[in-house]
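Notes follow once the structure below has been shown.
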Amino acid sequence: MNTQLSPDRRADLLVSRMTLDEKLQLVHGHVVKWGPYRGLDQKPFPYALGGDGFVPGIPRLGISSLQLVGAGVGVTNLGLRHNGQATALPSSLAETATWDTSLARDFGAVIGRETRDRGFAVSLGGGIDLTREPRDGRNFEYHGEDPLLAGEMAGAELKAIQAQDVIADIKHYAVNDQESGRTGVSSNLDKRSMREGDLLAFEIAIKRSNVGTVMCSYNRVNDVYACENRYLLTDILKRDWGFKGWVMSDWGATHSTVAAALAGLDQEFESQYFAAPLKAAVVNGNVPISRLDDMVHRILRTMFAFHVIDDPPIITPIDFHAGAIVAQRVEEQGCVLLKNRDHLLPLKTSRLHTIAVIGSHANIGVLSGGGSSQVEPEGMAPIPPSSKARPVPVVWDPSSPVKAIAAQAPNANVIYNGGKNVASAAKLAKAADVAIVFVHQVTQEGSDLTTLELAGNQDELVKQIAAANPHIIVVAETGGAFLMPWIDQVSTVLQAWYPGIRGGQAIAAVLFGGINPSGKLPITFPKSDADLPHPVLIGPPPGGNTLHPKLFDVNYTEGLKVGYKWYDAEKKEPLFPFGFGLSYTNFAYSHLQVKTDSIVSVAFDIKNIGDRAGAEVPEVYLALPADSGEPPKRLVGWQKALLQPGETRSITVKIQPKMLAIFNVAKNAWEILPGDYRIYVGSSSRQLSLQSTFSILKSETVP
């Protein structure tokens, strides 16, 4: 208990005093099944709060219990607690669309603070699997398709969570890119593509944040379950990256005792492999006691490092107002204006007498993503999960766009139509000055979309309203990319993602110009399913069930070509490219300079040439030498800048050495190749107004 000692030394002192059973107690986590909505009143553990997981403490040694709770987009409550409301933040994709690491820190601070206020020590959030499969039901929890953008944004968020004296988690490690058959699929991918894409996102986030725990995923990776995959858990994570925290399994993702323990798994949940079987394996020598000690050490040193033992969380009232302010700011900055023909936006209240608002329950709220990340928002009665169906039902956060629009236009007549009857909605739209149509796409853990088309009659609804009123604004609440067969018929499209507890107010602020949109796409929007690397989603073969599907393979033969890299390499025109987003003002780029001293730096000027203040995200891309085997270009940096009308700002972006390199599998090292490199600077991956070249004369390995 001497706080002057290092976390590692304190953990060593504890391990030396623990019995075998006490050590095993820390590596075998429990899933709490009781709860008022499950009809179970008997707590299996008197001190369990009703989160996602629980590890009993050891009072004789001063080791506090570990209370774990889901918190990807806010602290969850999956039907276990009466008092479980928390701030419903926008989706992680909305957060990433801000391209603003300071906002990611604010996002993480809310999660960390409310995790602790609810009495929990471990925040189970931090999803970062790349968007290899755009139909993945959990893409809304993740941070897009580019490893640098995802890694930097998630890293900033995770660091801010842990600054609140709770332990953060990053997941799902690794290549967990679809929900269909997730416990049976083998994600097959070559090592170079893994290291430069999916794993690079994890590497950046882990190193930026010093995150305390990594959750291994359900799937197999190259035919080996992720939670017993030595290449992932020991060779890369613990050896190459120097990770000092612990690896926990996803719930029920453990498949063995000896193989998992020796591969690097440190703690299991919702399995029995690390209970009696692990004790037997240690006693008979199949798992060395030194390995068990390492597992326990990693857990304890992390608990010490983030003050969970010295200052365990105490239940405290949540400051919902502070959380809502951050939620609204993230959504305002994360909304992406995709189209704005004839400058229909921002709306001018003086010209509006009748506003038609149509579809997607916009009268009551905004859509949220489903599954284990589901937040019970303040001001809304909890929705009991079905005992027979997971994940939880669709939840609409209580933030009415209709009310927020009416507040922005107090002299206009705002009329809502649910959109179920297309003819009725079109009639209303025809009589209005402007028609705002909300469309949505339900995505959730446990299932994937079969197509990126909008469900139901929504496409026909948009087409009919566009025919009735040329002043049509489409607001999209989706978990990711979707198809727009009506794009040429509409004036305006605003991508709102899953907007969170102040989504209605944020959307209205953007529509009426109180906020100048500055969001940029963290994913590519394709024109059709046929343009995807895998036009048809590969699911499990028949004969299994959701929990135990038959084993099958998904071969990611596109390799390095994820997202915009696929469209560039295949010369496909996307509907909207990665990094794209419009503003109510315009920007000009000039005076590009590239310096290649000890570190490559890219300098340029950006000027606001419009008549209102606005933020722009200049993006820097790099093309590697022609013989590198790389896609045409990769994102290597960016910087968000707020500019007043007429203001010019000089921007310098420093390129980290690893972003210049490829991963050389034979050397197990990152290598910068000799040859000619080209720098591109612009407002999206397809709008690059500045270009320059530089050369590197000899190869170099970089850490």
Side-chain angles (χ1 to χ4, degrees), residues 89-100 103-104 107 131 134 139-140 142-146 149-150 153 327-341 343-346 366-367 369 401 436-441 443 452 454 473-484 487 490-500 503 506-527 563-564 567 574-587 614-619 635 638 640-642 682-687:
L89 292 162
S91 67
S92 296
L93 270 184
E95 172 199 5
T96 309
T98 69
W99 291 60
D100 188 336
L103 272 179
F107 191 99
T131 309
N139 281 336
F140 73 92
Y142 301 148
H143 290 81
E145 68 190 28
D146 181 81
L149 178 63
M153 292 294 289
Q328 181 170 343
R329 191 163 68 245
V330 170
E331 173 61 15
E332 288 171 347
Q333 300 302 312
C335 280
V336 184
L337 183 61
L338 295 176
K339 185 176 182 180
N340 193 23
R341 188 175 63 204
H343 305 289
L344 179 58
L345 294 183
V366 291
L367 184 60
I436 305 173
V437 185
F438 284 76
V439 298
H440 68 276
Q441 187 183 60
T443 58
L452 294 179
L454 294 176
I473 300 162
V474 177
V475 179
E477 298 170 10
T478 70
F482 67 101
L483 306 183
M484 305 182 199
I487 187 63
V490 303
S491 301
T492 301
V493 180
L494 182 67
Q495 178 62 34
W497 315 104
Y498 295 146
I507 291 167
V510 172
L511 293 177
F512 287 88
I515 296 295
N516 188 349
S518 61
K520 301 276 189 174
L521 291 179
I523 53 175
T524 303
F525 277 47
K527 288 185 175 180
Y564 65 92
Y567 293 87
L575 181 63
F576 294 106
F578 174 83
F580 178 81
L582 300 174
S583 170
Y584 295 151
T585 189
N586 294 293
F587 302 93
E616 171 68 325
V617 182
E619 302 161 29
L635 179 71
W638 74 91
K640 193 165 189 175
L642 174 62
S683 59
S684 82
S685 62
R686 291 290 178 101
Q687 295 164 304

Does any part of the side chain of [Y], heavy atoms only, come nearer than 4.5 Å to the side chain of [X], both counted from C-beta?
X	Y	value
Glu619	Lys520	yes
Trp99	Gln333	no
Val493	Met484	yes
Leu338	Leu494	no
Pro499	Pro90	no
Pro574	Arg686	yes
Lys339	Val474	no
Val437	Val475	no

Do the side chain of [X] and the main chain of [Y] share a donor and acceptor less than 3.5 angstrom apart?
X	Y	answer
Thr131	Pro134	no
Asn340	Leu344	yes
Asn139	Gly480	no
Ser583	Asn586	no

Tyr498 versus Thr478, side-chain donor and acceptor atoms under 3.5 Å:
no

Can a side-chain donor-acceptor contact be found between Thr524 and Glu145 if the only test is distance below 3.5 angstrom?
yes

Assess the residue pair Phe525 and Phe482 against the criterion (side chain to side chain contact (heavy atoms under 4.5 Å, CB included)); give the C-alpha distance rounded to whole Å, side-chain angles, the decisive distance to 0.1 Å, and a yes or no.
CA-CA 7 Å; Phe525 277 47; Phe482 67 101; 3.9 Å; yes

Quick one: closest heavy-atom pair of Ala615 and Lys640, and the distance?
CB-CE, 4.0 Å

Apply side chain to side chain donor-acceptor pair (under 3.5 Å) to residues Glu332 and Ser518 and explain how you reach the verdict.
CA-CA 8 Å; Glu332 288 171 347; Ser518 61; over 6 Å; no

Test log, rule side chain to side chain contact (heavy atoms under 4.5 Å, CB included), inputs Ile523 and Phe578:
CA-CA 5 Å; Ile523 53 175; Phe578 174 83; 5.7 Å; no

Test Ser92 against Tyr142 for side chain to side chain contact (heavy atoms under 4.5 Å, CB included), laying out the working first.
CA-CA 6 Å; Ser92 296; Tyr142 301 148; 5.8 Å; no

Test side chain to side chain contact (heavy atoms under 4.5 Å, CB included) on Trp497 and Glu477 and set out the steps.
CA-CA 5 Å; Trp497 315 104; Glu477 298 170 10; over 6 Å; no

Among Leu345, Asn516, Val510, exactly one meets side-chain contact (heavy atoms from CB on, under 4.5 Å) together with Leu337. Which residue is that?
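Filter result, single survivor: Leu345.
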
